[in-house]
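Contents: one structure, followed by commentary.
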Amino acid sequence: MSRSIVMALALVAALVVAPQHADAQAPQTREGFFIGFGLGGGSFGCADCGDRQSGISGQLNLGGALSDQLLLGVLSSGWTKEEGGARLTHANVSAMLQYYPSPASGLYLRGGVGFSTLEVSASSGGLTLSGSESGLGVSAGLGYDIRTGSNFSVSPYGVFQWGDFDGGSANTIQIGLGVQWH
């Protein structure tokens, strides 16, 4: 497992296990506009690809609160790796629902359906070749908002994204740490 994934997992574990005294100081309320972003590590796999590959990942989400338990928005998440002059990138852009089973808790479940892309590029001697596929994209994940202010949270998260392409499919599993303004 790559060093960045191990570090991201350790950070997520520390934040989830840490005392949640901030919850008592700043209750979990969700209203109006929200925006968040996160960075982490992940692994990529596809049919007939061989071993999974590790790389860096990130996400951006924004939208509005429908209630204290349900957010509606857009999620853009991606994974990438560069090795030997070649880069592989898998990304999804989805309409997203984020559900908090208990309004007072920071735990959320997230799902979305949208558009997925898979891109490969290689450079050598000033020449660059690239190709891409696009298709249906699906994402699912979970996370935990650790409230650190009245409208700000630090959020460890995990995301699974899948894309259906001509001749096959690809998926990524991402673990990261994000921030979110509610």
Can you find a side-chain donor-acceptor pair between Gln180 and Arg30 that sits under 3.5 Å? no
Within a strict 4.5 Å, meaning less than it, do heavy atoms of the Leu177 and Val154 side chains meet? yes
Answer yes if Tyr99 and Leu66 sit in the same cluster of Ile, Leu, Val, Met, Phe, Trp and Tyr residues linked by side chain heavy atoms under 4.5 Å apart, and no otherwise. yes
Counting N and O atoms only, with roles assigned by atom type, does the side chain of Arg52 sit under 3.5 Å from a partner on the main chain of Ser43, one being a donor and the other an acceptor? yes
Sequence neighbours excluded and cut-off under 3.5 Å, please list the side-chain donor-acceptor pairs for residues 114-134, or say none.
| from | atom 1 | to | atom 2 | distance (Å) |
| --- | --- | --- | --- | --- |
| Ser116 | OG | His90 | NE2 | 3.0 |
| Ser116 | OG | Ala91 | O | 3.3 |
| Ser116 | OG | Asn92 | OD1 | 2.6 |
| Ser123 | OG | Thr128 | OG1 | 3.0 |

Check Gly58 against Gln174 and note the closest heavy-atom contact, atom names and distance. O-OE1, 4.0 Å
What verdict does the side-chain contact (heavy atoms from CB on, under 4.5 Å) test give for Ile173 and Phe44, after you've listed the backbone C-alpha separation in whole Å, the side-chain angles of each residue and the deciding distance to 0.1 Å? CA-CA 7 Å; Ile173 299 169; Phe44 170 85; over 6 Å; no
Where do Tyr108 and Tyr144 come nearest, in terms of heavy atoms and distance? CE2-N, 3.7 Å
Leu60 with Val179, same ILVMFWY side-chain cluster at under 4.5 Å: yes
Give, for atom CG of Leu142 and atom CZ of Phe160, the distance between the pair rounded to the nearest 0.5 Å. 13.0 Å
4.5 Å side-chain heavy-atom contact, Asn61 and Phe34: yes
Using only atom types and a distance under 3.5 Å, with no angle test, would you say the side chain of Ser153 pairs donor to acceptor with the backbone of Ser155? no
Inter-residue atom distance Leu39.CG - Gln59.CD, 0.5 Å rounding: 9.0 Å
Could you grab the distance from atom CZ of Phe33 to atom CG of Asn151, nearest 0.5 Å is fine? 12.0 Å
Inter-residue atom distance Asp68.CG - Glu31.CD, 0.5 Å rounding: 7.5 Å
Nearest heavy-atom approach of Gly40 to Tyr157 is N-OH, 4.3 Å
Which atom pair, heavy atoms only, marks the closest approach of Ser94 to Gly137? OG-O, 4.5 Å
Residues 69-84, side-chain donor-acceptor partners within the protein, below 3.5 Å, at least two apart:
| from | atom 1 | to | atom 2 | distance (Å) |
| --- | --- | --- | --- | --- |
| Gln69 | NE2 | Tyr100 | O | 2.9 |
| Gln69 | NE2 | Pro101 | O | 3.0 |
| Ser77 | OG | Gln161 | OE1 | 2.4 |
| Trp79 | NE1 | Gly42 | O | 3.2 |
| Thr80 | OG1 | Arg87 | NH1 | 2.7 |
| Thr80 | OG1 | Leu88 | O | 3.2 |
| Thr80 | OG1 | Thr89 | OG1 | 3.0 |
| Lys81 | NZ | Gln53 | OE1 | 2.9 |
| Lys81 | NZ | Glu83 | OE1 | 3.3 |
| Glu82 | OE1 | Arg87 | NH2 | 2.7 |

